[in-house]
Structure formats: C-alpha cells, structure tokens
S.K.: 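Pasting a structure here, questions to come.
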There are 2 protein chains.
Amino acid sequence: MKQDIPLTERQKVILQAIINTYITTAEAVGSRTIAKKMAFRLSPASIRNVMSDLEEMGYICQPHTSAGRIPTDTGYRVYVDNLMEIRRVELEEQHHIEELYRSRVKQLEDLFELSSRLLSILTHYTAVVQTPRMETETIKHVELVPLSSGKTLVLLVTNIGGIRKQVAILPEAMTTSEIDQLATFLNKKLQALSFASARALMGSFDDSADPQDKRLAALGLSLLSELLAENGERYVYLEGRENIFDQPEFRNLDRLRPLLRVFDEKRLLNELLEYCIPEDMPINVCIRIGSENPLDDARECSIVVSPYRIGGRATGAIGVIGPTRMQYSRASSLVAFVAGQLGHVLTELSGGD
Amino acid sequence: MKQDIPLTERQKVILQAIINTYITTAEAVGSRTIAKKMAFRLSPASIRNVMSDLEEMGYICQPHTSAGRIPTDTGYRVYVDNLMEIRRVELEEQHHIEELYRSRVKQLEDLFELSSRLLSILTHYTAVVQTPRMETETIKHVELVPLSSGKTLVLLVTNIGGIRKQVAILPEAMTTSEIDQLATFLNKKLQALSFASARALMGSFDDSADPQDKRLAALGLSLLSELLAENGERYVYLEGRENIFDQPEFRNLDRLRPLLRVFDEKRLLNELLEYCIPEDMPINVCIRIGSENPLDDARECSIVVSPYRIGGRATGAIGVIGPTRMQYSRASSLVAFVAGQLGHVLTELSGGD
DNA sequence: TTTGGCACTCTACACAATGGAGTGCTAAAC
DNA sequence: GTTTAGCACTCCATTGTGTAGAGTGCCAAA
C-alpha cells in the first residue's frame with residue numbers, strides 16, 4: 001500500500017472511470033472496457049499497468065485472478081472525496097419536492113414520513129430519518145385527561161407539534177376541578193421550557209414558601225417525570241426497505257440478512273446515525289463507506305447522511321443506506337436537499353412561538 | 001379427487017402422523033419414517049397404500065417421484081379442522097403473559113406493541129395487530145393548541161386513550177380566549193360521541209337558532225372534519241419479521257421477497273386481516289392456509305388470526321403469519337389467549353368512562 | 001388384507017471438461 | 001522512456017456425466 005503518494009492525473013481518470021462503470025454495471029470492470037470508454041485513447045495494456053498501480057495502492061482489487069477490478073472501500077473514499085462530480089438536484093425536481101412539503105403535511109409525523117419516503121423513492125435506496133433530539137424541543141402545552149378510576153392521560157405538546165403521552169395513576173384522589181387547576185398550574189410554569197429545565201423547575205418547588213405551589217409541583221412531577229426523562233432511544237422512520245432487493249450484491253441471503261436485521265432494530269439504526277452525526281455537526285453530508293461504519297451487520301453497505309437543523313441547530317439525522325456501490329453523487333445531493341427542506345419546515349413550525 | 005369420501009380411522013392417523021412429522025422436520029416424509037413412528041405396527045408397504053389413497057384425495061402430494069409426501073393446503077385444512085390436538089396455553093405461560101400486560105403498558109401504543117411482540121416471541125412467527133375500528137372509539141376530549149400564525153394543533157383523545165391530531169389553519173383570526181371558548185364548546189357537545197355522531201351533530205347546527213352555536217359549530221367542523229372522516233386505513237403493528245428467516249421454506253429469495261413485500265405494505269396486511277375477520281366476527285380463531293388467502297404474495301404462507309373485543313364487540317384483529325407448515329395448534333391457542341388479554345385491557349381502558 | 005421383494009425413478013452431489021474473460025509479462029514499436 | 005501487440009496463464013461459470021440414496025409402485029406370496 002502506497003496510499004500516501006498522490007495520484008497522477010491519469011490514475012485519477014482511470015480510477016474514476018472504473019468506479020463510475022462499476023457503480024452502474026455492478027460487474028468487475030476489465031481493461032478493455034475502460035479503454036473503450038475513455039476520452040483519450042490508450043490501449044488495454046497501458047490501462048492494465050495503471051490498474052496494477054491502483055491495486056497496489058489499495059484502491060481497487062480483483063475478486064479473483066482472471067476477473068476485472070472492483071473498487072475497495074478506500075477506493076470509494078478517494079472517489080467521494082476527490083473524484084466524483086458534485087451534482088445539484090435538478091431545478092424541476094427541487095420544485096416538485098418543495099411542492100410536496102407544502103401540501104402533504106398535516107401533522108408532525110407526516111413530515112418525517114414524507115421525508116423518508118421521498119428520499120427512498122428518489123434515490124432507490126432505503127431512507128432513514130431520526131426524530132429530533134429531545135433537547136431541542138420545548139414544552140408548548142400540557143393536558144390532563146381524566147380516565148377511569150384514578151388514572152389520567154398526561155399529554156405533552158412540544159413546540160414543533162410533537163406529542164409525548166402516558167397513562168399515569170394519580171397519587172391521590174382528585175376532583176375534576178382540582179385536575180384542571182393542576183393543568184393550569186403546569187401550563188403556566190412550564191410554558192416554553194426545555195424538558196431539562198422543566199424537570200429542574202418542578203424539583204425546585206420542593207422548598208417553596210407557598211404550600212399550594214409545592215403540592216401542585218409534587219403532583220405534576222409525579223405525573224410528568226417519566227415523560228420528561230431522557231429516555232434515550234429516538235424514533236427512526238425507515239422507508240424503501242424493498243429497494244435493497246434490486247441491488248445485485250444483496251441477492252445473496254447471507255448478505256441480505258444482517259442488513260435487514262439492522263433495518264428492523266431501531267437501536268442499531270440509531271447507533272449508526274449517531275455515529276455519523278455525533279453532536280452539533282458543522283458538516284453537511286457525511287458518508288460512511290462499508291467498513292468505515294461501526295456496525296458489523298452493515299459492513300457491506302454505505303450510508304449517506306446529513307443533519308437537519310431547527311433554527312440553525314443540528315437536531316437529527318436523515319439519510320440513505322445502500323450498497324457500497326452507491327451513486328454517491330446523486331445520493332448526497334438529494335440527502336442534502338431533503339435535509340434542508342425538512343429543517344426548513346421544522347424551523348417554521350417551531351419558530352412562530 | 002375424492003374429497004367427499006370420509007377418511008377411515010387409519011387414514012386419519014396416518015395423515016396426522018405425516019403432517020405432524022412434516023411440521024417439525026420440514027422434509028418430505030416417507031413410508032418408512034411413518035412406519036417407525038406409529039403406535040400400531042404396520043409395514044411401510046401398507047402405509048404406502050394408504051398414502052397413495054391420501055394423495056388421490058388431494059391431501060398430500062409428492063414434490064417428485066422418488067420423494068416422500070408433503071401435505072397440500074387441503075391436507076392442512078382437514079388437519080386443522082379435525083385432526084390436530086387442541087392445546088391450551090400452559091398455566092405458567094399464561095401468568096407470565098398476564099404479568100406483562102399488568103406492568104408494561106404506559107400508553108395505548110404500548111399495548112399493541114406488547115401484544116405483537118409477545119406473540120412473535122412466543123410463536124416464533126411474525127405477528128400482526130390491527131388497531132381498533134374507528135367506529136368503536138368515542139370522543140373523550142378535544143384540545144386546541146394554538147401554534148404560530150393562524151395555525152392550530154387539533155387534538156382528539158378517544159375513550160381508549162387513542163389520539164388523532166392534525167395541524168389545521170384557522171378559517172378566521174381568533175384570539176386565545178376565543179379558541180378556548182371553541183374548545184369548551186366542542187368538549188361539551190362531542191363528549192362520548194362516536195365519530196359519526198359527532199360529524200352529524202356538528203352539521204346539524206347549520207340551522208340552529210343560536211347564531212353563536214352556529215358559528216362555533218362551523219369553526220369546529222372545519223377544524224375537525226378531516227380527523228372525524230373515515231380515512232379507511234388502520235394502522236398495523238408488525239413484529240418478528242426476522243423470524244421468517246428461520247423457516248427453511250423461505251431460504252429462497254424468490255419465496256421470501258413477496259412475503260416481505262406484504263410485511264412492508266400495511267395496505268396489504270390490512271386487506272389480509274380484513275378478509276380473515278370481516279365484520280363483527282362471532283368466531284374465535286380464523287386460520288387461512290396458503291392458497292385460501294386472497295393475496296397472491298402470501299400464497300406460500302398461512303395466517304392464524306383472532307378478533308379482539310372491546311366490551312364484547314369485535315373491533316380489530318391480531319394474529320401470526322408463518323409458513324403453511326405451521327404449528328397450528330400452538331399458534332392458535334396463543335393467538336386466542338393474547339387476543340383475549342388485549343381485549344381485556346382495552347375494555348378496561350374504555351369501560352370506566 | 002398385509003407384507004417382503006424388486007425394479008424403477010428422480011434428486012443431490014461430486015467430478016471432470018470446456019469456453020471465455022481478463023490478467024501479467026515480455027519484447028518490439030514509437 | 002512510454003506504449004502496445006502478443007501470448008501464456010489463471011480462474012470462474014457452465015455443462016455434462018456418473019453415482020449413491022431415498023422412496024415409490026407393483027406383484028406375488030403369506
């Protein structure tokens with residue numbers, strides 16, 4: 001491996017041609033194929049020499065002696081970083097997407113579903129959308145709906161229109177008007193607070209002068225504490241599972257199965273996304289190729305993922321998962337664009353408070 | 001085919017043995033195997049004669065000349081209807097399940113998720129749960145949460161703790177207190193009504209004497225109409241997808257794919273469940289075997305499904321999907337039991353109004 | 001009516017033979 | 001020095017052949 005040596009122009013062009021070809025055909029590409037496709041004429045023999053260099057550098061490899069070459073993960077890496085053409089989403093496509101965002105969103109969940117479905121349809125890969133980090137939501141409204149026998153449905157509406165709910169058991173018998181009073185109290189105190197601040201505030205009433213406040217805060221905390229807790233796991237929307245069946249590399253059941261396992265386990269997906277977009281990410285699109293990603297079960301595939309932002313603050317991730325032989329250029333431009341749209345709508349939702 | 005002729009005792013015993021064996025081994029079973037397993041001694045040759053009869057009747061068939069026999073869909077049918085031993089769920093298992101239902105349910109969604117996960121774990125098949133028919137829910141509470149710029153989040157809580165919501169645009173500018181007034185009006189009028197009655201009632205205000213009522217009703221209708229509409233599609237919970245990978249008949253990608261397609265398309269699942277449990281079903285457990293079910297993509301598998309009841313009224317379906325070579329006995333007893341539990345908890349939730 | 005025996009059929013598996021694609025190397029051409 | 005034609009070589013994929021094994025159907029004897 002002599003990866004430190006910079007590529008010559010010729011090597012670049014040929015590596016690019018190999019990867020472009022492989023991406024569309026899914027078959028190991030030989031020197032003859034490249035020779036025919038290239039702009040400046042070179043014989044297959046000359047191409048072979050270059051290919052041999054590229055192999056030594058670790059960018060391509062042969063499945064077996066008498067086969068053509070296929071890109072390695074590091075090969076894709078230089079392709080993604082230096083060689084691929086950056087494309088923009090077609091204007092017409094842009095308008096089409098924007099139109100959908102305008103018309104199709106009736107509730108928060110629609111937004112995530114639309115985003116993931118859209119991305120899976122446009123890219124033909126499997127799309128994932130992670131719901132926003134809890135810290136970026138603030139409390140908009142608290143509602144207590146009395147149910148039977150001392151139980152209450154506790155509803156929490158957040159600034160973006162998200163809902164948390166749970167059935168809680170009242171710690172003491174309460175009349176309807178007392179419950180109303182509690183709800184009013186909670187709404188007044190918690191309005192526009194983050195979950196963490198709300199928790200802290202409620203706790204602070206413990207040594208309050210006003211015994212009424214103290215009592216209400218204690219009641220409120222017992223009803224809300226679980227909803228306000230960091231429960232870690234965020235929901236992940238996943239669309240376009242079926243697309244992997246169209247990828248020849250996943251015709252094989254043994255390769256397919258681990259990937260489907262990842263799709264089924266939200267926990268793994270979350271881990272994967274968290275790894276790509278760790279905290280407040282400054283970058284736009286993150287690409288993890290094959291072995292670069294942390295899940296053993298996803299070593300055969302790549303993920304292209306972007307943070308989306310609410311009011312400038314990265315709060316969640318959206319992206320696509322496909323074979324390492326992915327149309328990185330198209331995928332990343334689409335992911336970036338849809339992430340932008342999603343963030344835009346979410347910001348609008350949360351903004352006009 | 002001479003399916004009308006009743007089976008002799010010997011034919012029954014042998015058919016039962018064949019199916020029981022095939023269910024556990026997944027391999028075509030030959031006369032020798034049966035001869036060894038049977039209680040009363042018969043030579044393979046005699047068994048072959050009976051098998052020949054059973055084949056002529058259409059209950060078993062040979063994959064090829066020199067193979068043993070496997071049950072046909074009609075074979076499974078007589079097995080399910082007449083031959084299989086009806087088993088009860090072990091008492092210990094029952095207690096375990098009941099315990100889970102007591103402890104794990106914080107909100108309505110948990111209930112469906114628990115039921116489907118439980119069933120998939122217990123049976124090792126894929127489990128589905130359809131949410132209740134809209135007609136069985138009544139309105140418990142309406143909440144209007146003002147969002148930015150003339151938008152409102154409309155929340156509808158039902159008697160079982162279900163939630164419908166949408167972001168609606170106010171048809172006219174309203175102050176916060178006007179919105180509160182509207183919410184109070186809606187809660188007073190719609191309390192405990194079904195969706196259909198609510199729709200009808202709101203419409204009836206059109207020729208009301210009181211102009212204030214008329215105005216509020218019109219506003220309310222514009223905000224609620226979409227939520228109250230029959231939107232047809234019910235949500236379907238699905239758990240244990242990965243279990244089909246353990247079934248040898250689905251090792252083959254061509255058999256696997258259509259089934260996964262069904263799993264991914266809630267519409268198809270709904271159709272399947274609707275077909276098995278049409279309307280207010282008197283029966284307990286419905287079993288559809290292979291070609292008996294209406295979906296082409298599910299011709300290779302069986303479904304065991306039961307309605308669950310809220311207050312005695314069947315309102316949704318719960319069941320498992322697996323290969324036609326299914327452990328029908330165990331599956332149906334478990335489905336029935338879990339359906340009972342689910343209905344029980346739902347009834348409790350809705351009951352104490 | 002039951003059963004042992006036997007010929008027959010078909011699959012699954014292993015093994016060899018063949019064709020084709022693609023390479024690496026070398027020596028000649030530019 | 002770089003490029004290219006030629007050639008031997010390697011390996012896969014496909015096809016065909018042979019064999020062992022499982023199971024059947026049928027017949028004649030018990």
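These numbers were taken from a predicted model, which means no experiment stands behind them.
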S.K.: Do A/D264 and A/R261 sit within salt-bridge range, that is, some charged N less than 4.0 Å from a carboxylate O?
M.R.: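 So A/D264 does not pair with A/R261 through a salt bridge.
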S.K.: Starting from P on C/dT3, measure out to CE on B/M38 and report it in whole angstrom.
M.R.: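 Spelled out: CE on B/M38 to P on C/dT3 is 11 Å.
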S.K.: Using a distance-only test with no angle check, is there a side-chain donor-acceptor pair under 3.5 angstrom linking B/R48 and B/S31?
M.R.: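 Their side chains do contain a donor-acceptor pair, which is all the 3.5 Å distance test asks for.
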S.K.: Determine: side-chain N/O of A/R69 to OP1/OP2 of C/dT23, distance under 4.0 Å, yes or no.
M.R.: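 Checking C/dT23 against A/R69, a side-chain N or O does come within under 4.0 Å of OP1 or OP2.
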S.K.: Do NZ/NE/NH1/NH2 and the carboxylate oxygens of A/R77 and A/D73 come within less than 4.0 Å?
M.R.: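 A salt bridge is absent here (no side-chain N lies under 4.0 Å from a carboxylate O).
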S.K.: To the nearest Å, give me how far apart CG (B/L42) and C1' (C/dT1) are.
M.R.: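 In whole Å, C/dT1 C1' and B/L42 CG are 11 Å from each other.
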S.K.: Please determine whether a side-chain nitrogen of the Lys or Arg among B/E265 and B/R267 lies less than 4.0 Å from a carboxylate oxygen of the Asp or Glu.
M.R.: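 B/R267 and B/E265: salt-bridged.
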S.K.: Taking any atom closer than 4.0 angstrom to a non-hydrogen atom of chain B, what span of DNA chain D does the protein reach, first nucleotide to last?
M.R.: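 Taking any atom under 4.0 Å from a heavy atom of chain B, the span is D/dA22 to D/dC26.
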S.K.: Give the rounded distance in Å between these two atoms: CG of A/N49 and P of C/dC25.
M.R.: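 Whole-Å distance recorded here is 10 Å.
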S.K.: Nearest-Å distance, CG (A/L54) to P (C/dG24)?
M.R.: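 A/L54 atom CG is separated from C/dG24 atom P by 12 Å.
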S.K.: Centroid separation under 6.0 Å, is that true for the rings of B/Y328 and B/Y76?
M.R.: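 Ring-ring flag for B/Y76/B/Y328: true, centres closer than 6.0 Å.
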S.K.: Calculate the interatomic distance between A/I47 atom CD1 and C/dA21 atom P; express it in whole Å.
M.R.: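 So the CD1-P distance, A/I47 to C/dA21, works out to 19 Å.
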S.K.: Nearest whole angstrom, please: distance from the P of C/dC30 to the CZ of A/R41.
M.R.: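 Taking CZ of A/R41 and P of C/dC30, I get 18 Å after rounding.
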S.K.: Are A/R325 and A/E249 within salt-bridge range, i.e. N to O under 4.0 Å?
M.R.: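 A salt bridge links A/R325 with A/E249.
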S.K.: For B/G68 and for B/A45, locate the closest nucleotide of DNA chain D by heavy-atom distance; then report the residue assigned to the nucleotide nearer the 5' terminus.
M.R.: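 Comparing both residues, the 5'-ward one is B/G68.
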S.K.: So, under a plain 3.5 Å distance rule, would you say the side chain of B/S66 forms a donor-acceptor pair with the base of C/dC10?
M.R.: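 Looking at the base of C/dC10, it does pair with a donor or acceptor on the side chain of B/S66 (distance under 3.5 Å).
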S.K.: Write down the atom of B/V89, the atom of B/S333, and the distance for their closest heavy-atom approach.
M.R.: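 Result for this residue pair: CG2-O, 3.6 Å.
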S.K.: Looking across every strand, which nucleic acid part, if any, lies under 4.0 Å from A/S46 by heavy atom: base, sugar-phosphate, or nothing?
M.R.: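 Base: the residue A/S46, judged by heavy atoms under 4.0 Å, touches a nucleobase.
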S.K.: What are the residues of residues 15-36 of chain A, sorted by number, that bring a heavy atom to within less than 4.0 Å of DNA chain C?
M.R.: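 Heavy-atom cutoff 4.0 Å gives A/G30, A/S31.
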S.K.: Looking at A/R257 and B/D246, does any basic side-chain N land under 4.0 Å from a carboxylate oxygen?
M.R.: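 Between B/D246 and A/R257 there is a salt bridge, with a charged N closer than 4.0 Å to a carboxylate O.
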S.K.: Hey, which of these two, B/H64 or B/R10, hits DNA chain C nearer its 5' end, going by closest nucleotide?
M.R.: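 Whichever sits nearer the 5' end wins; that is B/R10.
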S.K.: Which whole-number value in Å describes the distance from A/E56 CD to C/dG24 P?
M.R.: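 Answer to the nearest Å: 11 Å.
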S.K.: Whether the A/R88 and A/Q94 side chains hold a donor-acceptor pair (N or O, under 3.5 Å, no angle test) is what I'd like checked.
M.R.: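 Note: A/R88 and A/Q94 side chains miss the donor-acceptor criterion.
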